[in-house]
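Residue numbers start from 1 in every chain, and the chains themselves are labelled A, B, ... in the order their sequence lines are given, proteins ahead of strands.
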Amino acid sequence: MPKKTVYQASIEYVSILDENAEFDESLGKGLIADEVVVDSYERMAVCRHLDEVAFKLQRSGRMGTYPQNKGQEAAAVGTALSLRPGRDWVVPCYRENAALFMMGLPMHYILLYWMGDERGSQIPENVKMTPLSVPIGTHMLHAAGIGYAEKIRKTDNVVATYFGDGATSEGDFHEAMNFASVLQTPTIFVNQNNSWAISVPRSKQMHSETVAQKALAYGMPTIRCDGNDIFAVKYCMDEAVKRARSGGGPSFIECVTYRLGDHTTADDARRYRDPKEVEAWLARDPLIRTRKYLEARKLWDDDKETTLKERAKKIVKEVVATAEGIDKPDVASIFDAMYANIPEEVRLQRDTMRTSSLGKYPEQVGLKGTTQRV
Amino acid sequence: MPKKTVYQASIEYVSILDENAEFDESLGKGLIADEVVVDSYERMAVCRHLDEVAFKLQRSGRMGTYPQNKGQEAAAVGTALSLRPGRDWVVPCYRENAALFMMGLPMHYILLYWMGDERGSQIPENVKMTPLSVPIGTHMLHAAGIGYAEKIRKTDNVVATYFGDGATSEGDFHEAMNFASVLQTPTIFVNQNNSWAISVPRSKQMHSETVAQKALAYGMPTIRCDGNDIFAVKYCMDEAVKRARSGGGPSFIECVTYRLGDHTTADDARRYRDPKEVEAWLARDPLIRTRKYLEARKLWDDDKETTLKERAKKIVKEVVATAEGIDKPDVASIFDAMYANIPEEVRLQRDTMRTSSLGKYPEQVGLKGTTQRV
Amino acid sequence: MATLNLVQAINLALQQEMAKDERVIVLGEDVGPNGGVFRVTEGLHAQFGDERVIDTPLAESGIIGTAIGMAMNGLRPVPEIQFDGFLGPAYDQIVNHAARSRSRSRGAVTVPLTIRVPVGGGIHAPELHSDSPEAIYAHSPGIKVVMPTTPYDAKGLLTSAIRDPDPVIFFEPKRVYRSFREEVPEDEYTIPIGEAKVVSEGDDLTVVTWGASLFQCIEALDNAPDDVSIELIDLRTTYPIDMDTIAASVEKTGRCVIVHEAAMTCGLGAEISSRVQERCFLHLEAPVQRVTGFDTLMPYYKLENEYLVDAKRVGMAIRETLAY
Amino acid sequence: MATLNLVQAINLALQQEMAKDERVIVLGEDVGPNGGVFRVTEGLHAQFGDERVIDTPLAESGIIGTAIGMAMNGLRPVPEIQFDGFLGPAYDQIVNHAARSRSRSRGAVTVPLTIRVPVGGGIHAPELHSDSPEAIYAHSPGIKVVMPTTPYDAKGLLTSAIRDPDPVIFFEPKRVYRSFREEVPEDEYTIPIGEAKVVSEGDDLTVVTWGASLFQCIEALDNAPDDVSIELIDLRTTYPIDMDTIAASVEKTGRCVIVHEAAMTCGLGAEISSRVQERCFLHLEAPVQRVTGFDTLMPYYKLENEYLVDAKRVGMAIRETLAY
Ligand SMILES: Cc1ncc(C[n+]2csc(CCOP(=O)(O)OP(=O)(O)O)c2C)c(N)n1
Ligand SMILES: Cc1ncc(C[n+]2csc(CCOP(=O)(O)OP(=O)(O)O)c2C)c(N)n1
Ligand SMILES: [Mg+2]
Ligand SMILES: [Mg+2]
């Protein structure tokens with residue numbers, strides 16, 4: 001046989017609660033307990049409100065550049081539902097706030113971070129996560145290494161790492177996928193394919209039909225799902241987590257979603273994006289369909305919605321107050337944070353807040369008079 | 001439908017002249033004209049001899065580290081057969097000497113290069129290639145860019161880039177594959193999968209069953225073939241070149257082959273490789289089966305073989321003499337080659353062969369006596 | 001003559017070179033319809049189309065590596081890297097390929113490439129959006145490194161860079177992008193790479209700087225006592241270094257303060273300081289001083305101003321050096 | 001006490017730290033059964049197995065990035081990068097992640113990582129196998145950079161590096177790997193990171209060096225006239241810089257020559273020269289001199305010896321500085 005088929009693959013797409021709030025019982029039944037769906041909805045709503053407030057804070061000069069999560073809350077919540085706070089790890093990018101809160105990160109950390117304070121990245125000890133990653137596509141390697149440490153310690157802890165469609169173009173994405181598969185680490189690659197990387201559409205980002213097929217290159221189990229459907233997301237994540245916990249190695253999940261806002265507050269998406277596209281996606285908003293799901297099952301009503309709105313306002317207000325109430329960091333922290341024990345030369349820069357040498361060294365002579373401190 | 005298949009792919013393997021020299025007429029007939037098969041065989045044999053001589057030169061201290069091509073000649077020749085010297089480009093690694101010679105590179109360049117002389121990389125103007133690439137896996141991006149230039153100039157020239165199995169682990173491989181597919185450049189990715197990257201076996205290099213499937217991540221046409229079979233290689237390359245010339249974009253070809261020698265003369269493969277594995281592959285040597293093919297068709301006999309051996313000796317002897325006859329490069333070339341016009345400071349270093357400053361500058365004063373040149 | 005800011009001057013240079021030479025290609029993240037995150041490439045996509053203004057995938061090594069290939073095959077690519085910190089993934093392609101290709105091939109394979117990168121702090125941006133990596137590339141033989149600060153210089157130097165037969169990194173001090181305007185000729189002109197500019201003449205002390213710190217130096221000079229006369233040099237090109245201009249000045253003044261935003265240790269200030277004392281040793285009346293970024297990361301923006309060199313720190317070093 | 005060469009001393013330190021602390025993991029290309037291309041990890045795979053001695057895929061960013069993750073999660077990885085030139089693809093992970101994580105997280109997420117890399121020229125290797133990138137990393141705050149030259153120092157410093165709570169790059173001058181042996185205690189010991197060593201004392205001139213150039217300096221000292229007395233300092237750690245030792249010496253001698261293999265411009269020699277004149281200005285009787293690699297690429301090996309600093313060039317600078 002001169003030609004024979006030596007490899008075959010196919011990729012499935014999962015949708016359970018679709019954009020019309022139609023629910024597929026065959027896969028969805030019992031997947032998420034009612035009270036957890038309610039809780040998830042509330043979490044998404046609170047995050048949405050945080051987003052809106054953060055946007056306003058930025059506009060009024062009380063915060064720096066901020067990337068809204070708006071529209072992508074289901075991917076964050078749906079995946080985090082399968083994780084165990086305090087044991088499993090999250091290695092995030094910056095568009096999955098809800099997942100971080102579910103893992104135990106206090107909400108004000110996120111605001112503090114975008115307010116330009118490193119203490120927003122000072123992850124509390126009981127929270128298993130790395131700081132938000134500004135350099136795109138380079139943090140997933142850490143999820144391979146973190147997973148490897150869990151693996152050789154023989155725990156059943158897993159690591160979920162989040163990243164966008166754009167991030168999959170970086171070389172480090174490729175290396176992370178390869179290291180995780182070769183070392184069979186318990187790492188779950190959660191791709192939030194929101195169709196855009198700032199102004200670059202998916203069609204210019206990649207030539208493949210799906211993001212999910214990128215995992216085939218590594219012999220890694222892979223699946224695509226409706227990323228605005230917490231059920232579909234949770235379904236895929238459950239499978240991946242189960243596989244990872246039981247020594248089955250890494251998995252890839254493509255969550256098809258959409259960035260309803262601008263890339264960040266520094267961006268104006270109207271420059272490059274058809275408003276009709278945004279409109280179409282507004283109809284697929286994860287909050288709307290989850291609410292419909294709950295309402296259809298009498299788990300939700302307008303009163304509850306009003307209460308939730310109030311509660312969200314209150315929570316976010318407090319969070320803003322907490323973040324804004326934190327004093328400006330001490331200048332010395334710039335230096336002190338560099339090493340466990342800072343070198344003499346860094347200490348000297350800290351103490352003098354200077355780099356010029358005159359008057360700094362006892363043995364240095366020659367300065368006429370005391371012009372030093374003016 | 002909660003689950004549906006959204007992507008399917010399969011990969012074919014091509015073998016025409018198998019390791020027992022069985023020839024498949026259905027794909028192979030007319031693929032390579034008889035005289036071209038003869039020529040190809042002769043080229044492979046000359047390269048094999050060059051390899052042996054280079055090895056000895058290194059061992060006797062007349063050359064630096066050298067990577068033998070032994071066993072991989074068919075992949076080089078089979079792919080180059082589809083290219084047009086002087087028009088199509090080659091962006092090589094270091095294990096495809098035969099292809100470079102077919103593209104017009106004088107043979108002594110290769111020796112000169114490994115003798116530690118940059119002029120071995122001083123590609124003649126009519127030869128369309130980049131120098132051998134020492135940093136693994138990082139040169140394929142240039143093949144994307146070179147292809148792009150051809151594309152927007154609306155030529156039908158194509159670019160072939162060569163690299164090993166190990167090279168596919170580098171992030172730059174991923175970025176090259178992605179840029180070539182997104183920009184639809186006429187680039188052909190020729191992978192020489194020889195099972196080893198120095199001492200690292202393919203199983204530790206990647207978790208995928210084939211290298212070819214890596215191209216699926218980019219929606220790129222991909223195929224696997226017997227890399228020790230010039231017919232199978234040529235068959236795949238013809239398809240890829242045709243596609244590229246006609247605006248169909250990049251392709252990937254995995255040539256399954258084997259490194260019969262050590263990684264380089266600095267390596268000792270017995271430290272990590274089962275001799276039985278090597279033995280099995282010795283039987284699959286591309287030279288043996290091509291010779292059998294020719295003999296079966298009365299295109300070759302022992303006399304011709306003897307003549308060829310003599311000719312190879314003569315050619316290689318001349319090439320060695322040419323390479324060794326080239327004077328040691330001028331020291332000034334270290335400096336002169338840095339920029340089209342070297343900066344004043346580099347000129348000063350060149351002229352004085354010093355970096356210390358004393359006596360270098362006319363306005364610099366204070367040197368007692370003339371201790372400068374000792 | 002139009003009055004332009006730095007963004008506009010760079011945009012104009014790009015537009016003119018693209019119009020004049022069809023080998024010039026702009027590529028990078030968001031440089032197309034969006035016009036770049038700082039709008040430096042605004043309008044180019046509309047004028048020159050998809051083939052010559054390419055929105056690339058999000059991969060800096062890919063951008064530079066592809067541009068290297070284009071340059072090797074006759075084009076004149078002008079890639080943009082979106083922010084200083086994202087040069088990191090492209091470091092290997094720049095240093096191990098772009099910078100080495102000419103020497104590696106003894107002139108046979110060259111890489112006429114201009115890499116544009118906004119640099120430096122002061123705009124309240126997130127982490128990795130405020131670095132000043134000029135010394136890294138000055139230590140990597142084979143590339144030229146340019147950092148103009150004024151619109152006039154930027155237009156002339158970018159034109160030179162694009163026409164240069166070798167790779168050039170073109171650093172744009174982003175804090176200055178829209179901070180001031182000056183008259184910029186609409187006609188083409190070039191400013192030679194490797195020539196510093198004496199911004200103001202003086203006899204008592206030489207200040208050498210480049211990038212956005214130029215303005216802190218000007219402020220410090222304005223605040224200096226009337227009876228001291230300070231020479232201010234804007235380096236403009238950080239490799240090769242115009243030592244003739246610096247040495248001539250220090251021989252006259254006998255005192256030198258170097259100001260830059262990057263971390264002190266192994267910054268370009270160290271190189272200039274070393275060369276000054278090597279060449280002008282007997283002229284020096286005080287040790288050469290460096291006023292630079294600290295040997296720490298650029299902090300997140302709440303403490304950004306505390307990190308950045310300011311006129312006060314420059315002024316103190318000037319006074320102390322004069323008093324030595 | 002055993003008499004070991006540099007390779008053996010490093011191997012012993014690795015073996016002992018792995019035996020003592022199971023968090024220590026070795027990873028890299030060919031470090032497993034092959035024992036590394038220089039055999040520095042020889043025997044470790046046999047003793048500690050697949051899980052702790054990992055032959056990785058050919059991807060330097062992957063090696064360092066994965067090691068960073070391991071370090072963040074409680075391990076003490078010791079990755080090997082096969083050759084200096086191949087640090088390039090890992091630059092971003094080192095500088096933008098390993099070096100920044102502690103500061104970024106204000107101490108919450110730290111990266112105790114030791115990156116071993118053979119460096120420097122002189123072994124007739126191909127291109128990109130002979131670089132000396134210490135200044136690049138000294139300019140990148142957040143990492144420590146060590147370059148011991150003798151087996152004794154290497155064992156003690158590697159032990160310190162592995163136990164250090166912060167990332168350390170451990171450069172091994174490959175030209176010295178098998179060039180000489182010395183007595184090395186089999187017992188564990190540490191040498192503090194950041195302390196230079198006075199190799200020989202003297203009063204007339206100070207030579208500061210590190211890495212393989214140490215031996216060219218020793219040769220130059222041997223060739224110097226009997227009536228001059230030269231102090232030779234082996235820096236051992238290139239960041240942080242032990243300026244106290246250097247300054248104390250130059251205050252005594254008044255003259256200083258710095259010798260290193262890397263290119264001159266923005267090399268570590270520039271930093272030391274600047275600091276010497278900043279601190280010891282009135283003690284200096286001659287300009288501080290640098291004897292370094294040229295501002296070119298390290299040529300292919302036919303011209304390697306012409307590029308490398310040799311005792312003659314060091315000797316000339318010493319004589320000229322003494323004669324100043
Ligand atoms: C290495 C790197 N390059 C460029 C950037 C600038 N940048 C920030 S976000 C972004 C787009 C990211 O797109 P994607 O990964 O799809 O995530 P999304 O923002 O859509 O969630 C870019 C280009 C960066 N932060 N890091
Ligand atoms: C970036 C880089 N990392 C490491 C090396 C060292 N090295 C040289 S060849 C090689 C293995 C290459 O394997 P492969 O790509 O399969 O090619 P092969 O040698 O088998 O033909 C390695 C690790 C290198 N040259 N470049
Ligand atoms: Mg996106
Ligand atoms: Mg191989």
Side-chain angles (χ1 to χ4, degrees), chain C residues 60-61 85-96 99-100 103-104 127-128 131 133-142 239-241 258 262-282 284 286-290 293-297 299-300 324, chain D residues 60-61 85-97 99-100 103-104 127-128 133-142 239-241 258 262-282 284 286-290 293-297 299-300 324:
Chain C
E60 289 74 14
S61 191
F86 310 137
L87 267 174
Y91 173 84
D92 186 61
Q93 284 290 338
I94 298 173
V95 166
N96 286 342
R100 295 188 195 231
S103 175
R104 171 183 291 161
E127 191 195 11
L128 285 163
D131 291 349
E134 69 272 15
I136 298 291
Y137 297 96
H139 186 54
S140 306
Y239 188 85
I241 301 168
I258 303 161
M264 183 185 83
T265 295
C266 289
L268 193 73
E271 182 59 34
I272 295 171
S273 169
S274 310
R275 293 196 194 184
V276 165
Q277 69 92 34
E278 285 166 10
R279 276 179 73 160
C280 316
F281 187 70
L282 292 181
L284 280 179
V288 181
Q289 293 296 298
R290 292 180 286 165
F294 298 111
D295 287 325
T296 69
L297 302 187
Y300 291 8
Y324 190 88
Chain D
E60 289 74 15
S61 191
F86 311 138
L87 268 174
Y91 172 84
D92 187 61
Q93 283 291 338
I94 297 173
V95 166
N96 285 343
H97 285 295
R100 294 187 196 233
S103 174
R104 171 184 290 160
E127 192 195 10
L128 284 164
E134 69 272 15
I136 298 291
Y137 297 96
H139 186 54
S140 306
Y239 188 85
I241 301 169
I258 303 160
M264 183 185 84
T265 295
C266 289
L268 193 72
E271 182 60 33
I272 295 172
S273 170
S274 309
R275 292 196 193 183
V276 165
Q277 69 93 34
E278 285 166 10
R279 274 179 75 162
C280 315
F281 186 70
L282 292 181
L284 280 179
V288 181
Q289 293 296 299
R290 292 180 285 166
F294 299 111
D295 287 324
T296 69
L297 301 188
Y300 290 7
Y324 190 89

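The structure places NE2 of D:His139 at 8.5 Å from CG of C:Leu268, a figure rounded to the nearest 0.5 Å. Rounded to the nearest 0.5 Å, atoms OG (C:Ser273) and CD (D:Glu278) are 5.5 Å apart. The distance from atom CG of D:Leu284 to atom CG of C:Leu284, rounded to the nearest 0.5 Å, is 10.0 Å.
The closest side-chain heavy-atom distance from D:Asp92 to C:Glu60 is not below 4.5 Å.
Closest heavy-atom contact between D:Asn96 and C:Gly85: ND2-O, 3.0 Å. Contact record, D:Ala270 with C:Glu271: CB-OE1, 3.4 Å, taken as the closest heavy-atom pair.
Ranked by heavy-atom pairs under 4.5 Å with chain D, the list C:Gly88, C:Pro141, C:Cys266 is led by C:Cys266. If you tally non-hydrogen atom pairs under 4.5 Å between each of D:Ala99, D:Ala135, D:Pro299, D:Ala262 and chain C, the highest count goes to D:Ala135. Counting heavy-atom pairs closer than 4.5 Å to chain C, the top residue among D:Pro133, D:Gly267, D:Cys280 is D:Gly267.
Interface remark: D:Tyr300 contributes side-chain atoms only to the contact with chain C (heavy atom separation under 4.5 Å). Of the atoms belonging to C:Ala90, not a single heavy atom falls under 4.5 Å from chain D. For chain D, the nearby part of C:Glu127 is the side chain; its heavy atoms alone come within less than 4.5 Å. Proximity to chain C (any heavy atom under 4.5 Å) is shown, for D:Gln277, by both the backbone and the side chain. Both the backbone and the side chain of D:Thr265 come within less than 4.5 Å of a heavy atom in chain C. Of the two parts of D:Ile272, neither the backbone nor the side chain holds a non-hydrogen atom closer than 4.5 Å to a non-hydrogen atom of chain C. If you measure heavy-atom distances from C:Val288 to chain D, the contacts under 4.5 Å come from both the backbone and the side chain.
In this structure, C:Tyr91 and D:Tyr91 have parallel ring planes: the angle between them is below the 30° cut-off, well short of the 60° mark.
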